[in-house]
Amino acid sequence: MDGKPKRALVLSGGGGRGAYECGVYKYLEEIGWEPDILVGTSIGAINAAAIASGRSAADLEAAWLATRTKDIQRFWRLKPWKSIYDTAPWRKTLHRYIDFDALPATDKRILIATTELETGQLRVFDNQEVTLTPDHILASCSIPLVYPWTKIESRHYWDGAVMANTPLSGAIDAGADEIIIVLLSPIGERHMQPPRWPWHALTVVLDLALSATYENDLKQLENINQLVAAQIDSKHRQITCQVVTPSQETDLLRIIRYEPDFSADLIQMGYDDAREELDVA
């Protein structure tokens with residue numbers, strides 16, 4: 001290595017709340033912090049691929065502010081029933097975010113987390129191994145029951161958040177020295193009321209699933225740093241990790257809703273939180 005630290009940006013899932021990640025990236029771009037590795041799950045996969053394809057923070061912000069719920073989903077019209085919503089609109093809208101023609105030429109490592117139905121295992125698509133297509137991105141966004149699974153070749157995939165909403169291990173294995181994680185829910189003790197109706201119950205379950213793996217991944221990072229310090233692990237160097245989390249809780253229904261005004265508020269919150277919470281140069 002040339003001595004320059006390898007930087008990774010890990011973007012978690014959270015549906016319509018993903019505009020927050022755009023705000024964080026806006027701040028990082030402003031201060032000149034550029035990731036070498038991008039790891040994304042669900043909506044984080046879309047933002048990660050957009051950045052890797054050369055989209056600037058301004059481009060990404062424009063895409064978010066132009067996106068409405070109707071651009072993402074519609075009630076399923078075909079038989080047999082596969083999910084609540086059909087994501088055919090998402091397939092078109094992806095091109096608003098990602099330059100798929102430029103993506104294969106990126107100099108960044110991109111890791112997209114999905115869940116393989118046939119094996120029940122986490123499957124991470126790596127742009128060093130496959131050419132990433134809209135199917136790979138949609139697979140990471142295929143929230144079980146809410147959206148249909150995505151078929152790639154002979155396999156079927158659901159949202160990567162089922163297994164790992166914040167796949168920190170991917171960034172570690174790719175050789176990152178500095179990691180910034182962006183979560184879309186506050187961490188720590190939550191203050192949620194029992195849901196009163198099915199839609200609310202569904203979003204609570206989704207949100208809990210999105211947060212489930214973060215603490216385990218962070219513990220893995222702590223273990224690696226301890227092994228490096230003890231000169232037991234020669235594959236890694238000390239890894240610094242910072243986390244940006246929303247300073248305010250948001251309505252859980254925002255997971256499946258996309259509204260420009262709300263996206264604008266989230267982008268500003270992400271920018272402000274990143275400026276307040278991160279210590280980067």
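What's counted below: heavy atoms across the whole structure, side chains too, no hydrogens, waters or symmetry copies. Predicted model, so just to flag it, every value in this text is computed and none were measured.
- Rounding to the nearest 0.5 Å gives a distance of 10.5 Å between CZ of Arg155 and CG of Leu117.
- Using modelled atom types, no side-chain atom of Gln268 and backbone atom of Gly23 make a donor-acceptor pair closer than 3.5 Å.
- Minimum heavy-atom separation, Leu122 to Ala113: CD1-CB, 4.1 Å.
- Side-chain contact check for Thr93 and Asp71: no donor-acceptor pair (N or O, by modelled atom type) lies under 3.5 Å.
- The shortest distance between side-chain heavy atoms of Arg275 and Ile31 does not fall below 4.5 Å.
- The closest side-chain donor-acceptor pair between Tyr258 and Gln73, if any, does not fall under 3.5 angstrom.
- A donor-acceptor pair is defined here as one N or O able to donate and one able to accept, closer than 3.5 Å; no such pair exists between the side chain of Ser140 and the backbone of Ile137.
- For the residue pair Gly170 and Leu111, the shortest heavy atom distance occurs at O-CD1, 3.4 Å.
- Closest non-hydrogen pair, Ala48 versus Leu38, comes out as O-CD1, 3.6 Å.
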Assess the residue pair Ile110 and Gln128 against the criterion (side chain to side chain contact (heavy atoms under 4.5 Å, CB included)); give the C-alpha distance rounded to whole Å, side-chain angles, the decisive distance to 0.1 Å, and a yes or no. CA-CA 8 Å; Ile110 317 169; Gln128 292 188 355; over 6 Å; no
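- Between Phe262 and Arg257, every side-chain heavy-atom pair lies at or beyond the 4.5 Å cut-off.
- Side-chain polar atoms of Asp273 and Tyr20 form a donor-acceptor pair below 3.5 angstrom.
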Any chance you could lay out the side chain to side chain contact (heavy atoms under 4.5 Å, CB included) test for Arg55 and Asp99, step after step, and finish with the verdict? CA-CA 8 Å; Arg55 302 297 198 203; Asp99 183 347; 3.8 Å; yes
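- Judged purely by distance below 3.5 Å, without hydrogens or angles, the side chains of Ser142 and Thr150 pair a donor atom with an acceptor atom.
- Judged purely by atom type and a 3.5 angstrom limit, Gln242 has no side-chain atom pairing as donor or acceptor with the backbone of Ile181.
- When side chains are defined from C-beta on, Leu9 counts as touching Val182, because their heavy atoms get closer than 4.5 Å.
- Here the CD atom belonging to Glu153 is positioned 10.0 Å from the CG atom belonging to Asp135, to the nearest 0.5 angstrom.
- Ring to ring, Phe125 and Tyr157 are close: their centroids are under 6.0 angstrom apart.
- Between the CH2 atom of Trp149 and the CD1 atom of Ile143 there is a distance of 16.0 Å, given to the nearest 0.5 Å.
- Note that CD1 of Ile180 and SG of Cys241 are 9.0 Å apart. Values are rounded to the nearest 0.5 Å.
- With hydrogens and angles disregarded, a donor-acceptor distance shorter than 3.5 Å links the side chain of His136 to the backbone of Thr133.
- For Glu118, the CD atom counts as densely surrounded, since its 6.0 Å shell holds more than 12 non-hydrogen atoms of other residues, nucleotides or ligands.
- Heavy-atom neighbours of Trp90 CH2 from other residues, nucleotides or ligands within 6.0 Å: above the threshold of 12.
- Looking only at side-chain heavy atoms (C-beta outward), Asp265 and Asp261 stay at 4.5 Å or farther from each other.
- Contact between Glu21 and Gly44 at its shortest, heavy atoms only, is OE1-CA, 3.4 Å.
- Put simply, the side chain of Asn127 reaches to within 4.5 Å of the side chain of Thr106, judged on heavy atoms.
- The heavy-atom pair separating Asn47 from Gly18 by the smallest distance is ND2-O, 3.1 Å.
- Ring centroids of Tyr97 and Trp64 are separated by less than 6.0 Å, placing the two rings close together.
- Annotation: the span from Ile267 atom CD1 to Asp272 atom CG amounts to 12.0 Å, rounded to 0.5 Å.
- Between Leu183 and Pro246, the closest heavy-atom pair is O-CD, 3.3 Å.
- Residues Arg96 and Thr67 meet the side-chain proximity criterion, which asks for heavy atoms closer than 4.5 Å.
- Side-chain contact between Arg17 and Leu266: present, with at least one pair of heavy atoms (C-beta onward) separated by less than 4.5 Å.
- Within the model, atoms CD of Glu34 and OH of Tyr25 stand 6.5 Å from one another, a figure rounded to the nearest 0.5 Å.
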Step by step, work out the side chain to side chain contact (heavy atoms under 4.5 Å, CB included) result for Val39 and Leu11. CA-CA 6 Å; Val39 185; Leu11 302 176; over 6 Å; no
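- Judged by distance alone, with hydrogens and angles left aside, the side-chain atoms of Asp36 form a donor-acceptor pair with the main-chain N or O of Arg7 at under 3.5 Å.
- Put simply, the side chain of Arg68 reaches to within 4.5 Å of the side chain of Pro260, judged on heavy atoms.
- When the options Ile112, Ile46, Leu94 are evaluated for a side chain to side chain contact (heavy atoms under 4.5 Å, CB included) with Cys141, the one that passes is Ile46.
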Would you check, one step at a time, whether the test side chain to side chain contact (heavy atoms under 4.5 Å, CB included) holds for Gln248 with Met269? CA-CA 8 Å; Gln248 302 174 36; Met269 188 194 304; 4.0 Å; yes
